[in-house]
Amino acid sequence: MSAPDFKAIEEKWQRRWAEARIFEANPDPSKPKFFATFPYPYMSGPLHVGHGYTSVRVDVVARYKRMKGFNVLFPWAWHWTGETVAGASERIKRGDKKFIEALRVIDGVPEEELEKFVEPAYMAKYYTDYNREAVKRLGLSIDWRREFHTTSLHPWFSRFVEWQYLKLREKGYVVKGTHPVVWCPRCQSPVGDADRLEGSGVYPEEYVLVKFALDDAYLPAATFRPETIFGATNLWLNPEAEYVEAEVNGEKWIVSQEAAEKLKLQLRKVRILRVFRGCELVGRRCREPIHGRMLPILPGWFVKPESASGVVYSVPAHAPYDWIALKDLQENPKLLEEFGISPEEVKAVEPISIISVEGLGEYPALEISESLGVRDQHDPKAEEATKLVYKREFHKGVMKENCGAYAGLPVAEAKQRITEDFKARGLFDSMYDLPERVVCRCTTLCTVKILQDQWFLNYSNPEWKQRVKEALSMMEVYPREARAWFEAVVDWLRDWACTRKTGLGTPLPWSPDWIVETLSDSTVYMAFYTINRLIREEAIPAEKLTPELFDYVFYGLGDLERLAGELGLNAELIKALREEFLYWYPVDLRNSGKDLIQNHLTFFIFHHVALFPREHWPRAVAVNGFMRVEGEEMHKSKGNFIPLRKAVEEHGADVTRAVVLLAAEGLDDPDWRAESLREVKANLSSLQRFILEAWRAEGKDEAEEVEAWLLSMLGGRAEKVAEALEVLKTRTALENALYEVWKDFRWYLRRTKPHPPTVRRAIKIWIRLLAPFIPHLCEELWEKIGGEGFVSLAPWPSREEAPQNLEAEELEEALKLLLEDTKHILKVTGIKPSKICYYTASPWKWEVYLEALKRGRAQVKQLIGEALSKPEARRLGKQIARMVEEASRLENSARERRLEIGMVDEASFLRRVKGFLEGELKAEVYVFREDEDGIYDPKGKASMAEPYRPAIYVE
RNA sequence: GCGGGGGUCGCCAAGUCUGGUCAAAGGCGCAGGGCUUAGGACCCUGUCCCGAAGGGGUUCGUGGGUUCAAAUCCCACCCCCCGCACCA
């Protein structure tokens with residue numbers, strides 16, 4: 001039989017599902033509901049197989065729950081909000097060749113469409129249409145009537161976001177704030193990681209400025225280690241750099257020219273008074289702010305004027321750069337000549353040790369510089385030495401007695417307190433800067449700007465955090481390991497700037513020059529799905545979706561009749577909106593990639609907690625890994641990007657689904673491999689062949705215990721699959737439904753002639769177990785075997801259909817072991833058997849055995865004693881002791897099973913399966929009871945018999 | 001650095017929460033056999049070491065500890081992966 005035509009089968013069933021509208025879900029109070037969601041994907045490009053993986057996981061659970069009798073809602077929508085689509089359009093408009101080529105080649109966008117991409121809305125629409133097709137062909141069980149996209153281009157959704165933000169503001173969760181960002185002076189906009197040519201992962205860092213005094217001016221020296229101020233010996237200025245004297249917020253400051261520009265962007269009023277070269281001040285003395293010590297200003301060529309303030313103070317005992325630079329000057333007095341500094345003065349500068357570190361001496365900077373062999377201040381090893389000293393001192397250092405009130409404190413703590421204290425006294429200040437170069441995509445060098453009057457979601461609010469933690473503790477989190485991560489994220493989250501000046505989105509209702517940012521408009525929109533069906537069916541105009549209407553729908557606030565009158569809407573319709581929301585809410589499951597833990601999924605909880613009563617808080621979140629391709633990360637730039645639509649078109653939906661589902665579980669990353677595709681494709685082909693052949697197989701008329709065994713196993717597998725799906729272990733579930741069940745069938749067919757009624761019953765169960773995972777093939781098979789209706793709607797197999805039979809399971813297991821042991825013996829001894837004898841345990845052994853099961857391990861010794869008091873047992877001493885020991889040590893569940901079964905007539909069972917054993921072992925098989933008279937037992941093996949473990953003799 | 005996850009028999013990977021049925025599931029690879037004109041697919045068997053009777057020995061990152069019993073619990077250490085924010 002040839003491979004099934006997956007493509008034709010899939011089209012056929014997708015068409016029938018759509019025609020019968022079986023995934024469209026309306027409220028039905030007679031059924032429990034299940035509301036499953038996938039975070040709507042961003043429409044700046046084609047979906048990839050990773051989206052496929054995550055969404056299929058949702059789909060599998062949705063399909064399973066449907067079969068379990070739930071009224072399941074699985075909706076879908078599209079995310080258009082943000083700067084990315086607008087940015088992409090902009091790049092096309094500018095004629096960015098590389099970018100356009102990528103769209104053409106990787107995304108396969110036709111030429112005539114590409115031209116229209118200069119309009120962001122068109123681009124988003126194009127990808128939405130393109131990707132909808134991919135999602136449909138993947139066979140997701142979606143209710144498409146509730147579909148929408150975000151931004152003001154969808155006014156209904158915008159109304160909803162407006163309502164959300166008005167509420168958040170009323171409740172005090174949206175506040176105005178000030179915040180440093182990486183800023184492009186040319187674009188006049190913050191520059192995120194994705195928009196950079198250089199410097200990804202670089203963010204503003206706060207430098208402490210220590211204000212050294214020089215006449216009426218301050219030299220604000222920038223540092224990450226303010227605690228070292230007690231060990232300062234001098235100041236460094238780069239003699240060749242341009243510095244300025246400037247009025248900064250009313251004080252006179254001396255900083256590098258670059259620094260003055262930076263300070264302007266950091267909410268300082270800066271007026272430049274004069275510009276001069278660093279060498280001008282070299283040789284002067286300035287006053288250190290804490291103790292008023294007078295310190296020399298020395299030339300430091302390593303000082304970078306473009307970094308922070310361009311002024312640095314020197315702590316040679318604890319900073320390798322300072323130590324080396326000082327040594328350079330001391331050893332090369334010539335360097336000083338042009339500045340008119342006396343070499344004696346420089347020689348007199350001595351390191352001041354202020355931190356003690358276990359394992360390091362008086363001057364850690366000196367020690368580490370020497371051990372690393374740092375040559376001079378231009379040696380890259382100086383950087384390494386700096387980091388090393390910092391690390392050791394920060395974690396293990398303690399402030400020495402010369403540090404005033406901070407003596408004895410660990411460095412980490414002293415640092416914090418010193419900064420706070422001296423800032424409060426005006427001796428310290430601070431500024432932001434970037435630790436490395438950042439270049440905007442527009443090729444402009446970026447700096448730090450402090451944005452003010454920004455709107456923030458105040459996630460740092462401790463009460464809000466507390467309620468989120470409470471919600472989290474009530475939720476299910478899959479996989480389990482992700483819970484700690486979520487908790488850490490809640491603690492870590494700071495205020496989030498929730499508005500932007502550019503890009504697509506919904507204008508902030510009270511300040512429409514701001515647009516609600518992309519992550520911030522996507523937190524509670526699942527509520528919108530619940531009502532969007534009626535909004536669309538009843539064609540409710542967007543302007544009627546007023547805050548008052550939403551208040552009624554989501555909170556039950558307000559007077560229905562009056563509201564209806566004011567809006568000119570039917571009161572019944574408004575009530576129906578409310579009822580539909582109440583029916584579906586809360587969200588029962590939301591599943592995404594693990595990257596969304598630290599933003600979207602946590603935001604999702606924050607906003608639900610802020611906006612909805614406890615009974616509407618989410619029930620469960622789940623996360624999974626990222627799709628890799630042949631072991632590599634998937635990236636458009638790497639050329640290994642697998643668009644979902646291409647995957648489905650090339651390999652089919654069921655194969656694609658099975659491949660990704662079998663690839664990983666938990667937080668592990670699934671791998672998309674050609675090898676795996678081949679395998680799964682072959683597996684599914686032979687699966688359908690196997691099932692159809694088995695369905696038609698003929699054999700015996702009477703069922704035996706092996707039929708009971710097959711059904712019992714199948715029932716157990718069904719339970720295992722269900723358990724796994726309940727906790728989103730989709731791979732375990734599919735492995736059981738596919739490979740484990742298959743294995744059972746193989747054993748069954750090897751073990752006996754098929755009994756058609758049992759086989760058919762088993763196959764009907766098996767197809768249903770597979771239906772959530774590979775629904776198209778299952779529908780096809782279901783139809784072929786005459787199953788009723790859609791398998792997608794068939795009931796999940798129950799235990800009544802596949803009753804548990806412990807005895808059959810245990811006997812079959814014992815039979816497998818017996819066969820294995822016999823083969824083992826034959827292998828080790830090298831005997832080619834003509835005759836194989838089995839001896840089953842006598843009743844008194846069963847009594848001892850069952851007693852051991854009953855009493856458990858606590859009474860092993862006593863039991864052995866009792867057992868050995870039986871005369872038959874005495875001569876078998878050791879063996880009985882071992883048997884009792886093993887039986888009593890069995891795991892509880894296994895002990896209970898065997899206890900429940902009680903004594904088993906193994907001999908008659910073995911006699912019934914004699915033919916099978918003879919076929920497998922190619923020898924004559926004889927079965928005896930140990931205690932029968934006159935048995936054939938030339939080597940006296942019979943007494944070795946134990947329950948579930950007949951003695952074996954071969955010759 | 002901080003936060004999160006992880007190191008299992010050639011590879012991938014279950015088991016760890018709830019200690020005992022664990023020499024440790026499953027898949028791949030490899031070896032042998034069957035089927036086949038051949039290949040593929042499929043089916044059996046084996047795959048830490050030793051063994052002429054179902055047994056024994058040594059294993060789960062490293063080193064300690066708890067226990068009658070540890071891959072599983074406790075402590076310390078080493079190594080690997082991911083995240084660290086105005087962005088989807």
Side-chain angles (χ1 to χ4, degrees), chain A residues 39 41-45 79 81-85 179-182 189-195 201 203 387 390-391 394-395 412 451 454 456 459 479-489 491-500 517-520 522 594-600 625-626 631 662-669 671 673 675-676 679 682-683 685-686 689-690 731-732 735-736 739-740 743 746 749-750 813 817-818 820-831 857 860-861 886-895 897-898 920 939 941 944 949-954:
Chain A
Y42 195 65
M43 285 300 100
S44 60
H79 202 193
T81 311
E83 327 242 343
T84 311
V85 168
H179 204 76
V181 296
V182 178
S189 150
V191 180
D193 242 1
D195 303 318
Y203 296 102
K387 284 192 177 137
Y390 182 92
K391 202 163 150 182
F394 184 81
H395 293 284
L451 285 181
Q454 251 280 35
F456 286 86
Y459 292 147
R480 218 177 22 193
E481 308 89 85
R483 183 180 289 278
W485 193 352
F486 270 101
E487 285 165 355
V489 167
D491 283 330
W492 161 86
L493 215 54
R494 302 193 304 251
D495 288 357
W496 180 263
C498 61
T499 53
R500 280 302 101 79
E517 170 274 341
T518 175
L519 282 165
S520 305
S522 312
K594 60 190 175 187
D595 51 332
L596 298 191
I597 291 177
Q598 56 193 283
N599 46 56
H600 171 262
F626 310 135
L662 288 168
E665 194 163 271
L667 295 174
D668 293 338
D669 295 333
D671 197 3
R673 294 180 306 131
E675 176 64 25
S676 168
E679 262 167 43
N683 282 164
S685 298
S686 54
R689 193 166 56 233
F690 183 93
R731 180 177 61 183
T732 299
E735 275 173 355
N736 274 279
Y739 297 127
E740 297 297 317
K743 196 174 82 183
R746 276 191 206 114
L749 292 175
R750 177 176 162 197
E813 202 46 47
L817 275 178
L818 187 64
E820 208 173 281
D821 280 349
T822 309
K823 284 183 175 173
H824 189 194
I825 290 168
L826 295 178
K827 190 191 155 211
V828 172
T829 59
I831 297 172
R857 74 182 73 107
V860 182
K861 279 190 185 147
E886 271 185 11
S888 59
R889 260 184 30 202
L890 272 179
E891 206 182 47
N892 284 345
S893 62
R895 272 179 29 215
R897 281 163 71 102
R898 291 193 173 176
E920 290 283 323
K939 287 271 170 75
K941 294 281 180 190
M944 296 274 289
R949 197 167 177 278
I952 303 167
Y953 169 67
V954 300

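A quick note: this is a predicted structure, and the numbers were derived from the prediction, not measured. Below, chain A is the first sequence line, B the second, and so on; all start at residue 1.
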A.B. asks: Below the 4.0 Å mark, does B/rU45 have OP1 or OP2 next to a side-chain nitrogen or oxygen of A/R750?
C.D. replies: yes

A.B. asks: Contact class for A/F456 vs. all strands (heavy atom < 4.0 Å): base, sugar-phosphate, or nothing?
C.D. replies: base

A.B. asks: How would you label the contact of A/E481 with the nucleic acid (heavy atoms, under 4.0 Å): base, sugar-phosphate, or nothing?
C.D. replies: sugar-phosphate

A.B. asks: Could I get the full list of side-chain hydrogen bond (donor to acceptor under 3.5 Å, both in side chains) partners for A/Q598, not counting sequence neighbours?
C.D. replies: none

A.B. asks: With both distances under 3.5 angstrom, what nucleotide forms a Watson-Crick or G-U wobble pair with B/rG83?
C.D. replies: B/rC2

A.B. asks: Closer to the 5' end of RNA chain B via nearest nucleotide, is it A/N599 or A/L493?
C.D. replies: A/L493

A.B. asks: With P as the reference atom in both, quote the distance from B/rU59 to B/rG10 in angstrom, rounded to an integer.
C.D. replies: 15 Å

A.B. asks: Who is the Watson-Crick or G-U wobble partner of B/rC9, with both distances under 3.5 Å?
C.D. replies: none

A.B. asks: Between A/T732 and A/E735, is the side-chain hydrogen bond (donor to acceptor under 3.5 Å, both in side chains) condition met? List the steps.
C.D. replies: CA-CA 5 Å; A/T732 299; A/E735 275 173 355; 5.1 Å; no

A.B. asks: Is there a Watson-Crick or G-U wobble partner for B/rG46 with both distances under 3.5 Å, and if so, which one is it?
C.D. replies: B/rC30

A.B. asks: Taking atom NZ of A/K823 as the centre, does the number of heavy atoms from other residues, nucleotides or ligands within less than 6.0 Å exceed 12?
C.D. replies: yes

A.B. asks: Could you identify the nucleotide paired to B/rC60, looking across every strand shown and requiring Watson-Crick or G-U wobble geometry with both distances under 3.5 Å?
C.D. replies: none

A.B. asks: According to the Watson-Crick and G-U wobble definitions, with both distances under 3.5 Å, which nucleotide is paired to B/rU36?
C.D. replies: none

A.B. asks: Stacking here means centres under 5.5 Å and planes under 30°; does A/W492 stack on B/rA85?
C.D. replies: yes

A.B. asks: For a quick test of reading the model: is some side-chain N or O of A/R500 closer than 4.0 Å to OP1 or OP2 of B/rC87?
C.D. replies: no

A.B. asks: Closest nucleotide of RNA chain B for A/G82 versus for A/A482: which of these residues is on the 5' side?
C.D. replies: A/A482

A.B. asks: Could you go through A/H79 and A/S522, starting from their C-alpha distance and side-chain angles, then the distance that decides it, and tell me whether this counts as side-chain hydrogen bond (donor to acceptor under 3.5 Å, both in side chains)?
C.D. replies: CA-CA 8 Å; A/H79 202 193; A/S522 312; 3.1 Å; yes

A.B. asks: Please give the nucleotide sitting opposite B/rC22 as a Watson-Crick or G-U wobble pair, both distances under 3.5 Å, or none.
C.D. replies: none

A.B. asks: For each nucleotide in nucleotides 48-55 of chain B, reading 5' to 3', give B when a protein heavy atom comes within less than 4.0 Å of its base, S when such contact involves only the sugar-phosphate, and - otherwise.
C.D. replies: ---BBBBS

A.B. asks: Within the structure shown, what part of the strands sits under 4.0 Å from A/A682 by heavy-atom distance: base, sugar-phosphate, or nothing?
C.D. replies: nothing

A.B. asks: Do the side-chain N or O atoms of A/R494 get closer than 4.0 angstrom to the phosphate oxygens (OP1, OP2) of B/rA85?
C.D. replies: no

